[in-house]
Amino acid sequence: MAQSFRKGLTSYGDARFSLFLRKVFIKAMGYSDDALDRPIVGITNTYSDFNPCHGNVPDLIESVKRGVMLAGGLPMVFPTISIHESFAYPTSMFLRNLMAMDTEEMIRAQPMDAVVVIGGCDKTLPAQVMAAASAELPTIVVPVGPMVVGHHKGEVLGACTDCRRLWGMHRAGTIDEVEIEQIGNRLAPSVGTCMVMGTASTMACLVEAMGLALPMSAAAPATHADRKRIAEASGKRAAEMAVADAPRPSALITPESVHNALVVLQAIGGSTNGIIHLTAMAGRAGVKVELDALDRLGREVPTLLNLKPSGAHYMEHFHHAGGLARLMRELSSLLHLDAPTVAGGTLGDAIAAAEDVPGQEVIRPLAAPLKAQGAMAVLRGNLAPLGAVIKQSAASPPLMRHTGRAVVFDSVEDMTTRIDQPELDVAADDILVLRNAGPKGAPGMPEAGYLPIPIKLAREGIKDMVRISDARMSGTAFGTIVLHITPEAAVGGPLAVVRTGDRIALDVPARRIELLIDDDELQRRLAAWRAAPPRRAAVRGYAKLFETSVLQADQGCDFDFLLRADGVVDESAG
Ligand code: FES
(Lines give C-alpha, C1' and ligand atoms only; values in the text may rest on other atoms or scores of the structure.)
Protein backbone atom coordinates (compact mmCIF):
# COMPACT_ATOMS: atom_id res chain seq x y z
CA MET A 1 0.00 0.00 0.00
CA ALA A 2 1.35 3.41 -1.01
CA GLN A 3 2.45 6.03 1.45
CA SER A 4 -0.68 8.01 0.51
CA PHE A 5 -2.97 5.54 2.23
CA ARG A 6 -0.95 5.76 5.44
CA LYS A 7 -1.69 9.49 5.78
CA GLY A 8 -3.97 10.75 8.52
CA LEU A 9 -4.78 7.38 10.05
CA THR A 10 -8.00 7.13 12.02
CA SER A 11 -7.18 7.14 15.70
CA TYR A 12 -7.77 3.74 17.33
CA GLY A 13 -4.70 3.85 19.55
CA ASP A 14 -2.87 1.29 17.36
CA ALA A 15 -1.51 2.70 14.10
CA ARG A 16 -0.88 -0.70 12.50
CA PHE A 17 -4.43 -1.77 13.26
CA SER A 18 -5.75 1.52 11.85
CA LEU A 19 -3.90 0.85 8.59
CA PHE A 20 -5.06 -2.78 8.54
CA LEU A 21 -8.68 -1.71 8.99
CA ARG A 22 -8.43 1.00 6.33
CA LYS A 23 -7.09 -1.61 3.91
CA VAL A 24 -9.85 -4.10 4.83
CA PHE A 25 -12.53 -1.57 4.00
CA ILE A 26 -11.04 -0.15 0.80
CA LYS A 27 -10.60 -3.70 -0.51
CA ALA A 28 -14.40 -3.96 -0.35
CA MET A 29 -14.48 -1.63 -3.35
CA GLY A 30 -12.49 -4.13 -5.42
CA TYR A 31 -9.25 -2.18 -5.63
CA SER A 32 -6.07 -4.12 -6.44
CA ASP A 33 -2.82 -3.64 -4.54
CA ASP A 34 -1.40 -2.08 -7.70
CA ALA A 35 -4.13 0.57 -7.69
CA LEU A 36 -3.67 1.25 -3.99
CA ASP A 37 0.05 1.72 -4.54
CA ARG A 38 -0.47 4.78 -6.75
CA PRO A 39 -0.41 8.43 -5.69
CA ILE A 40 -3.94 9.47 -4.80
CA VAL A 41 -5.77 12.39 -6.40
CA GLY A 42 -8.97 13.40 -4.60
CA ILE A 43 -11.77 14.78 -6.77
CA THR A 44 -14.63 16.73 -5.21
CA ASN A 45 -18.13 15.79 -6.31
CA THR A 46 -20.49 18.77 -6.14
CA TYR A 47 -23.19 17.19 -8.27
CA SER A 48 -26.66 17.76 -6.82
CA ASP A 49 -30.17 17.52 -8.23
CA PHE A 50 -30.63 20.96 -6.66
CA ASN A 51 -27.73 22.40 -8.66
CA PRO A 52 -28.43 22.52 -12.42
CA CYS A 53 -25.31 24.65 -12.97
CA HIS A 54 -23.33 21.55 -11.95
CA GLY A 55 -25.27 19.16 -14.19
CA ASN A 56 -22.10 18.23 -16.11
CA VAL A 57 -20.08 17.38 -12.99
CA PRO A 58 -20.44 13.58 -13.46
CA ASP A 59 -18.98 13.91 -16.99
CA LEU A 60 -16.16 16.12 -15.77
CA ILE A 61 -15.35 13.68 -12.98
CA GLU A 62 -14.98 10.91 -15.58
CA SER A 63 -12.64 13.12 -17.62
CA VAL A 64 -10.56 14.06 -14.58
CA LYS A 65 -10.34 10.40 -13.55
CA ARG A 66 -9.15 9.48 -17.05
CA GLY A 67 -6.42 12.13 -16.83
CA VAL A 68 -5.31 10.97 -13.38
CA MET A 69 -5.06 7.35 -14.56
CA LEU A 70 -3.23 8.33 -17.77
CA ALA A 71 -0.57 9.83 -15.52
CA GLY A 72 -0.41 6.78 -13.26
CA GLY A 73 -2.42 8.09 -10.31
CA LEU A 74 -5.43 6.73 -8.47
CA PRO A 75 -8.50 9.02 -8.58
CA MET A 76 -10.75 9.00 -5.50
CA VAL A 77 -14.03 10.92 -5.76
CA PHE A 78 -15.64 12.32 -2.60
CA PRO A 79 -18.76 14.43 -2.03
CA THR A 80 -18.94 17.92 -0.58
CA ILE A 81 -21.71 20.46 -0.16
CA SER A 82 -23.06 21.92 -3.39
CA ILE A 83 -24.72 25.34 -3.53
CA HIS A 84 -26.97 26.74 -6.26
CA GLU A 85 -28.00 30.38 -6.27
CA SER A 86 -31.71 29.76 -6.61
CA PHE A 87 -31.93 26.83 -4.23
CA ALA A 88 -30.21 28.28 -1.17
CA TYR A 89 -32.25 29.77 1.65
CA PRO A 90 -31.86 32.45 2.86
CA THR A 91 -29.07 33.12 0.36
CA SER A 92 -26.12 31.20 -1.05
CA MET A 93 -23.66 33.57 0.63
CA PHE A 94 -24.92 32.34 4.01
CA LEU A 95 -23.61 28.88 3.04
CA ARG A 96 -20.32 29.77 1.30
CA ASN A 97 -18.24 29.54 4.48
CA LEU A 98 -19.94 26.27 5.43
CA MET A 99 -18.94 24.81 2.05
CA ALA A 100 -15.40 26.13 2.56
CA MET A 101 -15.22 24.45 5.97
CA ASP A 102 -16.70 21.19 4.68
CA THR A 103 -14.34 21.06 1.70
CA GLU A 104 -11.27 21.96 3.78
CA GLU A 105 -12.01 19.37 6.42
CA MET A 106 -12.75 16.60 3.88
CA ILE A 107 -9.45 17.36 2.11
CA ARG A 108 -7.66 17.20 5.46
CA ALA A 109 -9.49 14.16 6.80
CA GLN A 110 -8.96 11.79 3.86
CA PRO A 111 -5.67 10.50 2.51
CA MET A 112 -4.82 12.23 -0.78
CA ASP A 113 -1.68 13.70 -2.33
CA ALA A 114 -3.39 16.29 -4.53
CA VAL A 115 -6.95 17.37 -5.11
CA VAL A 116 -9.05 18.51 -8.08
CA VAL A 117 -11.94 20.75 -7.06
CA ILE A 118 -14.78 20.98 -9.59
CA GLY A 119 -17.15 23.88 -9.05
CA GLY A 120 -18.76 26.85 -10.71
CA CYS A 121 -22.08 28.16 -9.42
CA ASP A 122 -21.33 31.48 -7.78
CA LYS A 123 -20.20 30.61 -4.25
CA THR A 124 -18.69 27.23 -4.99
CA LEU A 125 -15.36 28.24 -6.58
CA PRO A 126 -14.61 30.80 -3.84
CA ALA A 127 -15.50 28.24 -1.16
CA GLN A 128 -13.26 25.63 -2.80
CA VAL A 129 -10.30 28.00 -3.18
CA MET A 130 -10.70 29.20 0.44
CA ALA A 131 -10.66 25.54 1.47
CA ALA A 132 -7.65 24.72 -0.69
CA ALA A 133 -5.70 27.69 0.65
CA SER A 134 -6.33 26.55 4.22
CA ALA A 135 -5.74 22.82 3.57
CA GLU A 136 -2.53 23.71 1.63
CA LEU A 137 -2.50 20.52 -0.46
CA PRO A 138 -1.53 20.74 -4.17
CA THR A 139 -4.85 21.74 -5.78
CA ILE A 140 -6.12 22.33 -9.29
CA VAL A 141 -9.48 23.97 -10.01
CA VAL A 142 -11.80 22.81 -12.80
CA PRO A 143 -14.68 25.23 -13.38
CA VAL A 144 -17.81 23.51 -14.71
CA GLY A 145 -18.04 26.11 -17.51
CA PRO A 146 -20.83 28.40 -18.72
CA MET A 147 -24.16 27.47 -20.35
CA VAL A 148 -24.69 28.03 -24.05
CA VAL A 149 -26.89 31.00 -25.00
CA GLY A 150 -30.69 30.93 -25.34
CA HIS A 151 -32.84 32.27 -28.18
CA HIS A 152 -36.28 33.88 -28.19
CA LYS A 153 -38.00 35.51 -31.17
CA GLY A 154 -34.69 35.98 -32.93
CA GLU A 155 -33.01 37.53 -29.89
CA VAL A 156 -30.03 35.95 -28.09
CA LEU A 157 -30.71 35.57 -24.36
CA GLY A 158 -28.38 35.22 -21.39
CA ALA A 159 -29.08 34.09 -17.83
CA CYS A 160 -29.51 36.00 -15.85
CA THR A 161 -29.03 39.49 -17.24
CA ASP A 162 -31.99 38.92 -19.53
CA CYS A 163 -33.96 37.17 -16.75
CA ARG A 164 -33.94 40.50 -14.95
CA ARG A 165 -34.49 42.70 -18.01
CA LEU A 166 -37.40 40.63 -19.30
CA TRP A 167 -38.93 40.23 -15.84
CA GLY A 168 -38.74 44.04 -15.55
CA MET A 169 -40.68 44.27 -18.83
CA HIS A 170 -43.22 41.78 -17.47
CA ARG A 171 -43.63 43.91 -14.33
CA ALA A 172 -44.08 46.97 -16.50
CA GLY A 173 -46.83 45.15 -18.44
CA THR A 174 -45.08 44.90 -21.83
CA ILE A 175 -44.60 41.09 -21.65
CA ASP A 176 -47.69 39.01 -20.79
CA GLU A 177 -48.02 35.82 -18.70
CA VAL A 178 -47.88 33.48 -21.70
CA GLU A 179 -44.72 34.99 -23.14
CA ILE A 180 -42.87 35.18 -19.81
CA GLU A 181 -43.55 31.44 -19.33
CA GLN A 182 -42.18 30.75 -22.82
CA ILE A 183 -39.11 32.88 -22.06
CA GLY A 184 -38.64 30.90 -18.84
CA ASN A 185 -38.10 27.78 -20.96
CA ARG A 186 -35.40 29.47 -23.02
CA LEU A 187 -33.23 31.51 -20.67
CA ALA A 188 -31.14 28.59 -19.39
CA PRO A 189 -30.90 26.14 -22.30
CA SER A 190 -28.13 23.88 -20.94
CA VAL A 191 -26.32 22.85 -17.81
CA GLY A 192 -23.44 25.07 -16.75
CA THR A 193 -23.11 28.44 -15.06
CA CYS A 194 -24.73 31.71 -16.13
CA MET A 195 -23.22 32.65 -19.50
CA VAL A 196 -22.90 36.38 -18.91
CA MET A 197 -20.20 38.04 -16.79
CA GLY A 198 -21.99 37.17 -13.56
CA THR A 199 -20.28 36.00 -10.41
CA ALA A 200 -19.65 32.46 -11.67
CA SER A 201 -17.91 33.67 -14.86
CA THR A 202 -16.04 36.30 -12.86
CA MET A 203 -14.73 33.76 -10.37
CA ALA A 204 -13.73 31.32 -13.12
CA CYS A 205 -11.73 34.16 -14.75
CA LEU A 206 -10.10 35.18 -11.45
CA VAL A 207 -9.15 31.59 -10.66
CA GLU A 208 -7.51 31.18 -14.08
CA ALA A 209 -5.81 34.60 -13.76
CA MET A 210 -4.33 33.55 -10.41
CA GLY A 211 -2.90 30.42 -11.99
CA LEU A 212 -5.11 28.06 -9.97
CA ALA A 213 -6.67 26.48 -13.09
CA LEU A 214 -5.23 25.49 -16.47
CA PRO A 215 -5.31 28.01 -19.36
CA MET A 216 -8.71 28.21 -21.15
CA SER A 217 -10.49 26.88 -18.05
CA ALA A 218 -12.64 29.96 -17.49
CA ALA A 219 -14.72 30.27 -20.64
CA ALA A 220 -15.05 26.90 -22.45
CA PRO A 221 -18.79 26.09 -22.42
CA ALA A 222 -20.00 23.41 -20.01
CA THR A 223 -21.23 21.23 -22.87
CA HIS A 224 -18.25 21.73 -25.22
CA ALA A 225 -15.74 18.92 -25.80
CA ASP A 226 -12.98 21.39 -24.84
CA ARG A 227 -14.39 21.41 -21.31
CA LYS A 228 -13.83 17.67 -20.99
CA ARG A 229 -10.34 17.93 -22.46
CA ILE A 230 -9.52 20.63 -19.89
CA ALA A 231 -10.82 18.32 -17.15
CA GLU A 232 -8.72 15.42 -18.46
CA ALA A 233 -5.61 17.63 -18.64
CA SER A 234 -6.31 18.87 -15.11
CA GLY A 235 -6.50 15.29 -13.82
CA LYS A 236 -3.22 14.47 -15.53
CA ARG A 237 -1.55 17.52 -14.08
CA ALA A 238 -2.94 16.78 -10.60
CA ALA A 239 -1.37 13.30 -10.71
CA GLU A 240 1.98 14.91 -11.57
CA MET A 241 1.53 17.37 -8.72
CA ALA A 242 0.72 14.51 -6.34
CA VAL A 243 4.22 13.15 -6.95
CA ALA A 244 6.09 16.44 -7.31
CA ASP A 245 4.24 17.85 -4.28
CA ALA A 246 3.98 21.30 -5.88
CA PRO A 247 2.84 23.93 -6.40
CA ARG A 248 0.79 24.32 -3.26
CA PRO A 249 -1.90 27.04 -3.03
CA SER A 250 0.36 29.32 -0.97
CA ALA A 251 2.81 29.42 -3.90
CA LEU A 252 -0.02 30.57 -6.20
CA ILE A 253 -2.09 32.90 -3.99
CA THR A 254 0.42 35.72 -3.59
CA PRO A 255 0.32 39.53 -3.68
CA GLU A 256 1.35 39.28 -7.36
CA SER A 257 -1.41 36.86 -8.37
CA VAL A 258 -3.97 38.85 -6.37
CA HIS A 259 -2.87 41.98 -8.24
CA ASN A 260 -3.33 40.07 -11.52
CA ALA A 261 -6.82 39.05 -10.40
CA LEU A 262 -7.74 42.66 -9.58
CA VAL A 263 -6.57 43.80 -13.04
CA VAL A 264 -8.64 41.06 -14.67
CA LEU A 265 -11.66 41.82 -12.46
CA GLN A 266 -11.65 45.39 -13.77
CA ALA A 267 -10.97 44.49 -17.42
CA ILE A 268 -13.68 41.83 -17.74
CA GLY A 269 -16.49 43.99 -16.29
CA GLY A 270 -16.53 41.54 -13.39
CA SER A 271 -19.17 41.04 -10.73
CA THR A 272 -19.05 43.14 -7.57
CA ASN A 273 -19.21 39.85 -5.68
CA GLY A 274 -15.77 39.12 -7.11
CA ILE A 275 -14.07 41.58 -4.77
CA ILE A 276 -15.66 39.99 -1.67
CA HIS A 277 -14.69 36.48 -2.75
CA LEU A 278 -11.18 37.49 -3.81
CA THR A 279 -10.68 39.14 -0.41
CA ALA A 280 -11.80 35.94 1.33
CA MET A 281 -9.67 33.62 -0.87
CA ALA A 282 -6.57 35.80 -0.48
CA GLY A 283 -7.22 36.20 3.25
CA ARG A 284 -6.88 32.45 3.71
CA ALA A 285 -3.37 32.73 2.28
CA GLY A 286 -2.53 35.74 4.43
CA VAL A 287 -2.73 38.22 1.51
CA LYS A 288 -4.73 41.39 2.18
CA VAL A 289 -6.84 42.90 -0.59
CA GLU A 290 -7.14 46.68 -0.34
CA LEU A 291 -10.29 48.31 -1.74
CA ASP A 292 -8.20 51.35 -2.61
CA ALA A 293 -5.98 49.17 -4.82
CA LEU A 294 -9.08 47.98 -6.65
CA ASP A 295 -10.18 51.57 -7.18
CA ARG A 296 -6.75 52.71 -8.35
CA LEU A 297 -6.67 49.90 -10.90
CA GLY A 298 -10.22 50.82 -11.94
CA ARG A 299 -8.89 54.17 -13.13
CA GLU A 300 -5.92 52.59 -14.96
CA VAL A 301 -7.44 49.43 -16.41
CA PRO A 302 -10.13 49.86 -19.06
CA THR A 303 -12.99 47.41 -19.55
CA LEU A 304 -11.86 45.32 -22.52
CA LEU A 305 -14.32 42.46 -22.56
CA ASN A 306 -17.45 43.07 -24.64
CA LEU A 307 -19.70 40.78 -22.61
CA LYS A 308 -23.11 41.23 -20.99
CA PRO A 309 -24.10 42.97 -18.76
CA SER A 310 -21.42 45.61 -19.55
CA GLY A 311 -21.26 44.75 -23.29
CA ALA A 312 -22.96 42.64 -25.95
CA HIS A 313 -21.59 39.07 -26.10
CA TYR A 314 -21.59 35.86 -23.99
CA MET A 315 -19.07 33.47 -22.47
CA GLU A 316 -19.07 30.99 -25.38
CA HIS A 317 -18.09 33.87 -27.70
CA PHE A 318 -15.29 34.76 -25.27
CA HIS A 319 -13.99 31.19 -25.49
CA HIS A 320 -14.07 31.22 -29.30
CA ALA A 321 -12.29 34.61 -29.31
CA GLY A 322 -9.28 33.13 -27.51
CA GLY A 323 -10.42 33.10 -23.88
CA LEU A 324 -8.86 34.69 -20.84
CA ALA A 325 -5.24 34.10 -21.88
CA ARG A 326 -5.86 36.17 -25.05
CA LEU A 327 -7.50 38.93 -23.00
CA MET A 328 -4.58 38.94 -20.57
CA ARG A 329 -2.19 39.41 -23.48
CA GLU A 330 -3.82 42.84 -23.99
CA LEU A 331 -3.17 43.55 -20.33
CA SER A 332 0.42 42.24 -20.31
CA SER A 333 1.96 45.57 -19.39
CA LEU A 334 -0.18 45.68 -16.21
CA LEU A 335 0.32 42.10 -15.04
CA HIS A 336 2.98 40.23 -13.09
CA LEU A 337 3.91 37.82 -15.89
CA ASP A 338 6.34 35.85 -13.75
CA ALA A 339 3.59 34.67 -11.39
CA PRO A 340 3.66 30.84 -11.32
CA THR A 341 0.67 28.78 -12.42
CA VAL A 342 -0.60 25.34 -11.57
CA ALA A 343 0.39 24.25 -15.09
CA GLY A 344 4.02 24.44 -14.01
CA GLY A 345 5.11 27.56 -15.92
CA THR A 346 4.30 31.23 -15.50
CA LEU A 347 1.38 33.45 -16.42
CA GLY A 348 3.60 34.83 -19.18
CA ASP A 349 3.88 31.31 -20.68
CA ALA A 350 0.08 30.93 -20.70
CA ILE A 351 -0.36 34.29 -22.38
CA ALA A 352 2.33 33.54 -24.99
CA ALA A 353 0.41 30.43 -26.03
CA ALA A 354 -2.89 32.30 -26.49
CA GLU A 355 -4.54 32.12 -29.91
CA ASP A 356 -5.18 35.14 -32.14
CA VAL A 357 -8.64 34.97 -33.70
CA PRO A 358 -9.01 37.22 -36.74
CA GLY A 359 -12.03 39.52 -36.78
CA GLN A 360 -13.24 38.73 -33.25
CA GLU A 361 -15.03 41.60 -31.46
CA VAL A 362 -15.32 40.19 -27.97
CA ILE A 363 -11.84 41.01 -26.63
CA ARG A 364 -11.13 44.67 -27.32
CA PRO A 365 -7.54 45.91 -27.74
CA LEU A 366 -6.10 48.15 -25.05
CA ALA A 367 -6.09 51.01 -27.59
CA ALA A 368 -9.86 50.73 -28.25
CA PRO A 369 -11.51 49.56 -25.01
CA LEU A 370 -15.20 48.96 -24.40
CA LYS A 371 -15.11 51.50 -21.55
CA ALA A 372 -12.28 53.83 -20.62
CA GLN A 373 -12.32 52.72 -16.98
CA GLY A 374 -12.61 49.36 -15.28
CA ALA A 375 -15.76 47.66 -14.05
CA MET A 376 -15.80 48.86 -10.49
CA ALA A 377 -15.29 51.98 -8.45
CA VAL A 378 -14.90 52.19 -4.69
CA LEU A 379 -16.87 54.93 -2.94
CA ARG A 380 -16.28 56.46 0.45
CA GLY A 381 -17.93 59.22 2.47
CA ASN A 382 -19.92 59.69 5.67
CA LEU A 383 -22.37 56.99 4.52
CA ALA A 384 -19.64 54.42 3.86
CA PRO A 385 -16.61 55.08 6.07
CA LEU A 386 -15.12 51.66 5.25
CA GLY A 387 -16.16 51.71 1.61
CA ALA A 388 -18.86 50.73 -0.85
CA VAL A 389 -18.66 49.58 -4.46
CA ILE A 390 -20.49 50.38 -7.67
CA LYS A 391 -20.28 48.49 -10.94
CA GLN A 392 -19.81 51.59 -13.06
CA SER A 393 -19.50 49.61 -16.29
CA ALA A 394 -23.16 48.53 -15.95
CA ALA A 395 -24.52 51.84 -14.56
CA SER A 396 -26.37 54.69 -16.33
CA PRO A 397 -23.96 57.55 -17.19
CA PRO A 398 -26.51 60.32 -16.42
CA LEU A 399 -26.91 59.03 -12.85
CA MET A 400 -23.21 58.77 -12.01
CA ARG A 401 -23.46 62.23 -10.40
CA HIS A 402 -26.82 62.48 -8.71
CA THR A 403 -28.34 64.05 -5.61
CA GLY A 404 -31.76 62.90 -4.52
CA ARG A 405 -34.21 62.35 -1.68
CA ALA A 406 -33.83 59.09 0.25
CA VAL A 407 -36.70 56.62 0.29
CA VAL A 408 -35.73 54.15 3.01
CA PHE A 409 -36.61 50.48 3.39
CA ASP A 410 -35.66 48.97 6.76
CA SER A 411 -35.17 45.40 5.59
CA VAL A 412 -35.59 43.14 2.58
CA GLU A 413 -39.07 42.21 3.89
CA ASP A 414 -40.05 45.88 4.27
CA MET A 415 -38.87 46.57 0.74
CA THR A 416 -40.76 43.57 -0.65
CA THR A 417 -43.95 44.65 1.13
CA ARG A 418 -43.94 48.33 0.19
CA ILE A 419 -42.02 48.82 -3.06
CA ASP A 420 -45.04 48.30 -5.31
CA GLN A 421 -47.70 49.89 -3.11
CA PRO A 422 -49.53 52.61 -5.05
CA GLU A 423 -49.34 54.95 -2.04
CA LEU A 424 -45.51 54.71 -1.79
CA ASP A 425 -44.22 58.28 -2.01
CA VAL A 426 -41.48 57.90 -4.61
CA ALA A 427 -40.30 59.73 -7.72
CA ALA A 428 -37.82 58.80 -10.44
CA ASP A 429 -35.09 61.10 -9.11
CA ASP A 430 -35.31 59.73 -5.55
CA ILE A 431 -32.64 57.39 -4.17
CA LEU A 432 -33.91 54.01 -2.96
CA VAL A 433 -32.16 52.93 0.26
CA LEU A 434 -32.18 49.36 1.57
CA ARG A 435 -30.58 48.52 4.91
CA ASN A 436 -30.19 45.59 7.30
CA ALA A 437 -29.31 43.43 4.29
CA GLY A 438 -25.59 43.08 5.03
CA PRO A 439 -23.54 40.10 6.27
CA LYS A 440 -25.13 40.07 9.77
CA GLY A 441 -28.29 41.98 9.02
CA ALA A 442 -30.18 39.74 6.60
CA PRO A 443 -28.23 37.45 7.42
CA GLY A 444 -25.83 36.40 4.69
CA MET A 445 -25.83 39.61 2.63
CA PRO A 446 -28.38 38.51 0.01
CA GLU A 447 -28.36 39.74 -3.58
CA ALA A 448 -31.16 42.16 -2.75
CA GLY A 449 -29.18 45.26 -3.75
CA TYR A 450 -30.84 45.22 -7.16
CA LEU A 451 -33.99 46.84 -5.76
CA PRO A 452 -36.77 46.63 -8.34
CA ILE A 453 -37.98 49.90 -9.83
CA PRO A 454 -41.31 50.62 -8.06
CA ILE A 455 -44.02 49.32 -10.35
CA LYS A 456 -45.74 52.65 -10.83
CA LEU A 457 -42.44 54.16 -12.08
CA ALA A 458 -41.64 51.08 -14.20
CA ARG A 459 -44.97 51.56 -15.95
CA GLU A 460 -43.96 55.14 -16.74
CA GLY A 461 -40.89 53.73 -18.51
CA ILE A 462 -38.31 54.36 -15.74
CA LYS A 463 -35.53 51.77 -16.21
CA ASP A 464 -32.90 52.90 -13.70
CA MET A 465 -32.71 54.82 -10.43
CA VAL A 466 -29.90 55.27 -7.92
CA ARG A 467 -30.20 52.47 -5.39
CA ILE A 468 -27.95 52.02 -2.35
CA SER A 469 -27.66 49.28 0.24
CA ASP A 470 -25.45 47.12 2.43
CA ALA A 471 -26.52 44.10 0.34
CA ARG A 472 -24.86 42.43 -2.64
CA MET A 473 -26.10 42.24 -6.22
CA SER A 474 -25.90 39.52 -8.80
CA GLY A 475 -23.07 40.07 -11.26
CA THR A 476 -25.60 39.57 -14.03
CA ALA A 477 -27.56 42.68 -12.97
CA PHE A 478 -27.20 46.25 -14.21
CA GLY A 479 -28.09 49.73 -13.00
CA THR A 480 -26.73 52.61 -10.92
CA ILE A 481 -26.48 50.59 -7.76
CA VAL A 482 -24.21 51.19 -4.77
CA LEU A 483 -23.50 48.00 -2.83
CA HIS A 484 -21.63 46.58 0.18
CA ILE A 485 -21.95 49.80 2.21
CA THR A 486 -19.59 49.16 5.13
CA PRO A 487 -20.05 49.06 8.06
CA GLU A 488 -23.50 47.60 7.50
CA ALA A 489 -26.60 49.01 9.21
CA ALA A 490 -27.03 46.01 11.53
CA VAL A 491 -23.77 46.83 13.33
CA GLY A 492 -24.53 50.54 13.56
CA GLY A 493 -23.03 51.86 10.32
CA PRO A 494 -24.31 55.30 9.23
CA LEU A 495 -26.74 53.64 6.80
CA ALA A 496 -28.74 52.69 9.93
CA VAL A 497 -29.69 56.30 10.64
CA VAL A 498 -30.73 57.55 7.19
CA ARG A 499 -34.34 58.80 7.19
CA THR A 500 -36.79 59.04 4.34
CA GLY A 501 -36.59 62.62 3.13
CA ASP A 502 -32.84 63.04 3.83
CA ARG A 503 -30.81 64.00 0.78
CA ILE A 504 -27.97 61.81 -0.47
CA ALA A 505 -25.25 62.80 -2.95
CA LEU A 506 -23.62 60.20 -5.21
CA ASP A 507 -20.56 61.30 -7.15
CA VAL A 508 -18.87 58.32 -8.83
CA PRO A 509 -16.14 60.32 -10.63
CA ALA A 510 -15.16 61.81 -7.22
CA ARG A 511 -15.71 58.39 -5.54
CA ARG A 512 -18.03 59.89 -2.92
CA ILE A 513 -21.30 58.91 -1.29
CA GLU A 514 -22.55 61.38 1.31
CA LEU A 515 -25.58 61.79 3.53
CA LEU A 516 -26.25 65.53 3.33
CA ILE A 517 -26.83 66.29 7.01
CA ASP A 518 -24.40 68.10 9.27
CA ASP A 519 -21.96 66.06 11.26
CA ASP A 520 -23.45 66.95 14.68
CA GLU A 521 -26.82 65.63 13.57
CA LEU A 522 -25.21 62.45 12.21
CA GLN A 523 -23.37 61.88 15.50
CA ARG A 524 -26.60 62.49 17.50
CA ARG A 525 -28.44 59.93 15.41
CA LEU A 526 -25.62 57.38 15.70
CA ALA A 527 -25.47 57.82 19.49
CA ALA A 528 -29.23 57.16 19.72
CA TRP A 529 -29.11 54.03 17.49
CA ARG A 530 -29.79 50.68 19.19
CA ALA A 531 -29.10 47.25 17.72
CA ALA A 532 -32.10 45.04 17.04
CA PRO A 533 -32.49 42.02 19.37
CA PRO A 534 -31.02 38.77 17.97
CA ARG A 535 -33.29 36.89 15.60
CA ARG A 536 -34.94 33.74 16.90
CA ALA A 537 -33.38 31.72 14.08
CA ALA A 538 -29.86 32.63 15.16
CA VAL A 539 -29.85 31.20 18.70
CA ARG A 540 -28.35 27.82 17.74
CA GLY A 541 -26.49 25.87 15.06
CA TYR A 542 -24.82 27.25 11.98
CA ALA A 543 -26.94 30.43 12.04
CA LYS A 544 -25.50 31.28 15.45
CA LEU A 545 -21.98 30.54 14.29
CA PHE A 546 -22.58 32.76 11.26
CA GLU A 547 -24.02 35.64 13.25
CA THR A 548 -21.23 35.66 15.83
CA SER A 549 -18.33 35.09 13.43
CA VAL A 550 -19.00 36.67 10.01
CA LEU A 551 -16.75 39.58 9.07
CA GLN A 552 -17.78 42.68 7.12
CA ALA A 553 -17.68 42.95 3.32
CA ASP A 554 -14.30 44.71 3.25
CA GLN A 555 -12.87 41.58 4.94
CA GLY A 556 -14.49 39.16 2.52
CA CYS A 557 -17.33 38.00 4.83
CA ASP A 558 -15.17 35.11 5.99
CA PHE A 559 -15.50 33.87 9.55
CA ASP A 560 -13.07 35.57 11.93
CA PHE A 561 -11.68 32.24 13.18
CA LEU A 562 -10.92 30.95 9.67
CA LEU A 563 -8.46 33.64 8.65
CA ARG A 564 -4.84 32.59 8.60
CA ALA A 565 -3.31 33.31 11.96
CA ASP A 566 0.06 34.90 11.18
CA GLY A 567 2.94 33.19 12.83
CA VAL A 568 1.00 30.01 13.61
CA VAL A 569 2.44 27.07 11.73
CA ASP A 570 -0.23 24.62 10.63
CA GLU A 571 1.53 21.32 11.14
CA SER A 572 -1.24 19.27 9.49
CA ALA A 573 -0.44 21.00 6.18
CA GLY A 574 2.85 19.13 5.89
FE1 FES B 1 -25.46 29.07 -11.02
FE2 FES B 1 -25.86 31.58 -12.15
S3 FES B 1 -27.24 30.33 -11.02
S4 FES B 1 -24.07 30.39 -12.01
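When a ligand or atom number is given, it counts from 1 through the structure's own listing order.
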*Hey, can you tell me if Phe94 and Tyr542 have their rings parallel, tilted or perpendicular (30° and 60° cut-offs)?*
perpendicular
*With sequence neighbours left out, what residues match Cys53 under side-chain contact (heavy atoms from CB on, under 4.5 Å)?*
Asn51, His84, Cys121, Thr193
*In chain order, what residues pass the ring pair (Phe, Tyr, Trp, His ring centres under 6.0 Å) check against His313, with sequence neighbours excluded?*
His317
*asked:* Once disulfide (SG to SG under 2.5 Å) is applied, what residue pairs with a partner in residues 148-178 remain, sequence neighbours excluded?
replied: Cys160-Cys163
_Test item: side-chain donor near acceptor, Asp226 and His319, under 3.5 Å_ = yes
_Asp122 bridged to Arg96 by N-O distance under 4.0 Å_ = no
*Leaving out waters, which are not shown anyway, how many protein N, O or S atoms lie closer than 2.8 Å to atom 2 (Fe) of ligand 1?*
1
